[in-house]
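Following: one structure in structure tokens, then a few remarks.
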Amino acid sequence: MITIINYEPLWETMKKKDISQYYLLKNGIDNKTLNRLKHNQNITVLTLLRLCVILECTPNDILKLGKE
């Protein structure tokens, strides 16, 4: 059983808060990290914290876990 990380909640949260990828870039999230998020790849806990601060949300608003 493999745990799958899905960042779909991130994109939904950004849309609800009217926050663009450009805004994330200007606030410390780099292109490489955005690419990792788009492809549901691992990110660091520090990056998760930064996203929570930027978006004023919780980790549940950024990712969800599933099982394959």
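Along the sequence shown, residues carry numbers from 1. Being a predicted model, the structure only gives us computed values, none of them experimental.
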Tell me, yes or no, whether the heavy-atom count around Asn35 atom CG, taken from other residues, nucleotides or ligands under 6.0 Å, exceeds 12.
yes

With sequence neighbours excluded, what pairs up with Lys17 under the side-chain hydrogen bond (donor to acceptor under 3.5 Å, both in side chains) test?
none

Sequence neighbours left out, what passes side-chain hydrogen bond (donor to acceptor under 3.5 Å, both in side chains) with Asn60? Give chain and number order.
none

If you compare all heavy atoms of Asn27 against all heavy atoms of Tyr23, which two are closest, and at what distance to 0.1 Å?
ND2-O, 2.7 Å

Only distances under 3.5 Å count here; give the side-chain donor-acceptor pairs of residues 45-56 to other protein atoms, sequence neighbours excluded, each with its distance to 0.1 Å.
{"from": "Thr47", "atom 1": "OG1", "to": "Thr44", "atom 2": "OG1", "distance (Å)": "2.9"}

From Leu25 CG over to Asn31 CG, what is the distance, rounded to the nearest 0.5 angstrom?
5.0 Å

Holding to side-chain hydrogen bond (donor to acceptor under 3.5 Å, both in side chains), I want the full list of residues that pass it with Asp30, two or more places apart in sequence or in another chain.
Thr33

Tyr22-Trp11 co-clustered via ILVMFWY side chain contacts under 4.5 Å:
no

Taking the side chain as every heavy atom from C-beta outward, state whether Leu37 and Ile43 have any pair of such atoms under 4.5 Å apart.
yes

Answer whether the closest heavy-atom distance between the side chains of Asp61 and Lys16 falls below 4.5 Å.
no

For Asn42, side chain to side chain contact (heavy atoms under 4.5 Å, CB included) partners two or more places apart
Ile5, Arg36

Looking at residues at least two apart in the chain, or sitting in another chain, which of them share a side-chain hydrogen bond (donor to acceptor under 3.5 Å, both in side chains) with Gln21?
Lys38

Sorted by chain and number, sequence neighbours left out, side chain to side chain contact (heavy atoms under 4.5 Å, CB included) with Lys64 holds for Asn6, Glu8, Pro9

Is there a donor-acceptor contact under 3.5 Å from the side chain of Tyr7 to the main chain of Gln41?
yes

Evaluate Ile62 against Thr13 for side chain to side chain contact (heavy atoms under 4.5 Å, CB included), listing each step before the verdict.
CA-CA 7 Å; Ile62 293 175; Thr13 299; 5.8 Å; no

